[in-house]
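Okay, so here's the structure we're looking at.
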Amino acid sequence: MRASDETASRQRLDKWLWFARVVKTREAAAGLVESGHVRINGLKTPKPGHAVKAGDVLTIVLNTRVRVLQVEGLAERRGPAETACRLYREAGMSSPDGETP
């Protein structure tokens, strides 16, 4: 696999959080990561530039709520909420075929 192919299949964590509409601004996404409130596959990362890929599991602490999201896809820009919700699957939610993950 070429380096350009690998970077195309990955995205910065702060951008992904913003594109997926987990937070309102990219700065808020970076702050959330830097403060240790985000784990990738169970490991803390203090770097907003850490790359995520499809299949990664993010554990995010937002206020008093914990969200566990599985990355389903990447985006090139921040779009409408209908598009953003296709970027992840919430843990414990059933899939479209009715099966639980």
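- Residues Val23 and Ala28 share a closest heavy-atom pair of CB-CB, 4.2 Å.
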For residues 12-19, which side-chain N or O atoms pair as donor and acceptor with protein atoms under 3.5 Å away, sequence neighbours left out?
| residue | atom | partner | partner atom | Å |
| --- | --- | --- | --- | --- |
| Arg12 | NE | Asp14 | OD1 | 3.0 |
| Arg12 | NH2 | Asp14 | OD2 | 3.1 |
| Asp14 | OD2 | Arg26 | NE | 3.3 |
| Trp16 | NE1 | Gly73 | O | 2.9 |
| Trp18 | NE1 | Lys24 | O | 3.2 |

Before giving the answer on side-chain contact (heavy atoms from CB on, under 4.5 Å), spell out for Val38 and Val61 the whole-Å C-alpha distance, their side-chain angles and the decisive distance to 0.1 Å.
CA-CA 7 Å; Val38 179; Val61 179; over 6 Å; no
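- Listed by chain and number, the residues in a side-chain contact (heavy atoms from CB on, under 4.5 Å) with Arg77 amount to none (sequence neighbours excluded).
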Please walk me through it: do Val71 and Leu58 pass side-chain contact (heavy atoms from CB on, under 4.5 Å)?
CA-CA 7 Å; Val71 178; Leu58 306 179; 4.0 Å; yes
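- For Arg86, the salt bridge (charged side-chain N to carboxylate O under 4.0 Å, His left out) criterion is met by no residue, not counting sequence neighbours.
- In this view, Lys47 satisfies the salt bridge (charged side-chain N to carboxylate O under 4.0 Å, His left out) rule with no residue, not counting sequence neighbours.
- Residues Leu32 and Leu62 form a side-chain contact, since some pair of their non-hydrogen atoms from C-beta on lies under 4.5 Å apart.
- Counting only distance, with no hydrogens or angles, the side chain of Gln11 and the backbone of Ala75 share a donor-acceptor pair below 3.5 Å.
- Among residues two or more places apart in sequence or in another chain, the side-chain contact (heavy atoms from CB on, under 4.5 Å) test is passed with Pro80 by Glu82, Thr83.
- Shown here are the side-chain contact (heavy atoms from CB on, under 4.5 Å) partners of Ala51, two or more places apart in sequence or in another chain: Arg10.
- Side-chain contact between Ile60 and Val22 is present, with heavy atoms from C-beta onward closer than 4.5 Å.
- Remark: Arg21 engages no residue in a salt bridge (charged side-chain N to carboxylate O under 4.0 Å, His left out) (not counting sequence neighbours).
- Here Thr59 pairs with Arg39, Val66, Val68 under the side-chain contact (heavy atoms from CB on, under 4.5 Å) rule; sequence neighbours left out.
- Listed by first and then second residue, the salt bridge (Lys or Arg N to Asp or Glu O under 4.0 Å) pairs that reach into residues 50-74 are Lys53-Asp56, Arg67-Glu90, Glu72-Arg89, sequence neighbours excluded.
- Scored by the salt bridge (charged side-chain N to carboxylate O under 4.0 Å, His left out) test, Glu34 finds no partners at all (sequence neighbours excluded).
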